[in-house]
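Remarks on the structure that follows.
We use all heavy atoms of the structure for the numbers below, so side chains are in, but hydrogens, waters and symmetry mates are not. Ligands are counted one by one from 1 in listed order, and the atoms in each one are counted from 1 as well. As the structure is a prediction and not an experimental result, all values here were calculated from the model.
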Amino acid sequence: MIVTLSDGCAGDLEAVMQVMTDAFGDRYGEAWTRSQCAGILPMSGVRFVLARDGDDQLVGFSLYRTIIDDAELLLLAVGPQAQRRGVGQSLIKHFVEDAKNRGASRIHLEVRDGNPAVRLYEAMGFVQSNRRRNYYRGRDGSKHDALTFMLSET
Ligand SMILES: CC(C)(COP(=O)(O)OP(=O)(O)OC[C@H]1O[C@@H](n2cnc3c(N)ncnc32)[C@H](O)[C@@H]1OP(=O)(O)O)[C@@H](O)C(=O)NCCC(=O)NCCS
């Protein structure tokens with residue numbers, strides 16, 4: 001799918017929250033709340049990137065933060081109807097290029113152990129570097145590890 005990427009702002013949060021809810025569900029406690037998103041947007045180095053389809057509909061987004069030489073992908077989501085069509089890959093490529101342009105040499109992210117997104121991150125050159133035990137708490141009280149992935153070429 002051909003998408004257009006652009007910077008988002010607080011005014012886009014309603015549409016973003018819809019994509020977030022549709023993409024993550026509430027099973028594992030990975031999605032952020034609207035107030036968590038609104039709280040981080042004004043912080044320095046935070047970028048919010050929106051992916052829109054040819055009809056200008058929001059189909060996905062990324063949220064990341066670059067501080068000096070460190071860049072972290074905080075959130076990545078693509079609406080279920082647009083998944084497996086290259087949108088996630090476009091958003092990660094943009095994150096990595098932007099992070100490098102801003103001087104980041106440590107490019108990383110965290111993901112729930114068992115999330116199929118791991119395959120996408122590995123395909124994009126990220127390698128697992130750490131495990132945080134019981135980081136996510138599911139709706140049913142189950143606990144899930146977080147895996148840290150670093151871009152290997154940096
Ligand atoms: C993870 C996510 C962002 C991927 O977005 P996407 O647009 O579907 O990904 P892409 O189409 O760019 O995938 C590119 C490649 O990554 C791999 N991949 C992506 N999603 C995959 C999945 N669910 N299972 C297995 N491989 C997957 C595949 O190799 C895929 O290529 P292919 O479709 O030709 O086989 C999307 O599934 C999503 O929003 N999931 C819910 C939210 C989430 O878990 N976000 C990540 C944690 S922050």
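Closer than 4.0 Å to atom 44 (O) of ligand 1 lies at least one heavy atom of the protein. Counting only heavy atoms, the protein gets under 4.0 Å from atom 35 (O) of ligand 1.
The neighbour count for Arg27 CZ, taken as heavy atoms of other residues, nucleotides or ligands under 6.0 Å away, does not exceed 12. Heavy-atom contacts from other residues, nucleotides or ligands closer than 6.0 Å to CZ of Arg137 number 12 or fewer.
Annotation for ligand 1: atoms under 4.0 Å from non-hydrogen atoms of Tyr121 are 46 (C), 47 (C), 48 (S). Remark: ligand 1 atoms within the under-4.0 Å shell around heavy atoms of Val87 are 7 (O), 12 (O).
In terms of protein heavy-atom proximity, atom 1 (C) of ligand 1 is nearest to Ala117 CB, 3.5 Å. When only non-hydrogen protein atoms are considered, atom 38 (C) of ligand 1 lies nearest to Gln83 NE2, 3.5 Å. Of all protein heavy atoms, the one closest to atom 41 (C) of ligand 1 is Ala23 O, 3.4 Å. Among protein heavy atoms, atom 12 (O) of ligand 1 sits closest to Gln89 N, 2.8 Å. Shortest contact from atom 21 (C) of ligand 1 to any protein heavy atom: Arg84 NH1, 3.5 Å. Counting only heavy atoms of the protein, atom 39 (O) of ligand 1 lies nearest to Val78 N, 2.7 Å. The protein non-hydrogen atom at the shortest distance from atom 7 (O) of ligand 1 is Gly88 N, 2.8 Å. With hydrogens left out, the protein atom closest to atom 2 (C) of ligand 1 is Leu120 CD2, 4.5 Å, a heavy atom.
Checked against Phe61 for a side-chain contact (heavy atoms from CB on, under 4.5 Å), the options Leu75, Leu76, Val78, Leu91 give a single hit: Leu75.
Residue contact check for ligand 1: Ala77 places a non-hydrogen atom closer than 4.0 Å to it.
Salt bridge annotation for Lys93-Asp98: absent, with no cationic side-chain nitrogen under 4.0 angstrom from a carboxylate oxygen. Salt bridge status for Arg139 with Asp26: present, with a side-chain N to carboxylate O gap under 4.0 Å. The pair Arg112-Asp145 does not count as a salt bridge, with every side-chain nitrogen at least 4.0 angstrom from each carboxylate oxygen.
Counting only non-hydrogen atoms, the option in Ser62, Gly86, Pro116 that gets closest to atom 11 (O) of ligand 1 is Gly86. Counting heavy atoms only, Leu76 comes closest to atom 3 (C) of ligand 1 of the residues Ile92, Leu76, Leu74.
Ligand 1 has an N or O atom lying under 3.5 Å from an N or O atom of Arg85, backbone or side chain. Ligand 1 has an N or O atom lying under 3.5 Å from an N or O atom of Asn115, backbone or side chain.
Counted by atom type alone, His108 and Asp70 present one or more donor-acceptor pairs between their side chains at under 3.5 Å. Side-chain contact annotation: Asn101 with Glu97, donor-acceptor N/O pair under 3.5 Å absent.
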Exercise. Does the salt bridge (Lys or Arg N to Asp or Glu O under 4.0 Å) test come out yes or no for Asp12 and Arg52, once each step is laid out?
Worked result: CA-CA 12 Å; Asp12 298 304; Arg52 295 185 190 279; 3.7 Å; yes
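Here Trp32 has no heavy atoms under 4.0 Å from ligand 1, in either its backbone or its side chain. No part of Arg112 comes within 4.0 Å of ligand 1, judged by heavy-atom distances.
Nearest heavy-atom pair, Ala82 versus Val87, reported as atom, atom and distance to 0.1 Å: O-CG2, 4.0 Å. The minimum heavy-atom distance between Ile107 and Ala99, with the atom names listed, is CD1-CB, 3.9 Å.
Ring centroids of Tyr28 and Tyr136 are separated by 6.0 Å or more, keeping the two rings apart.
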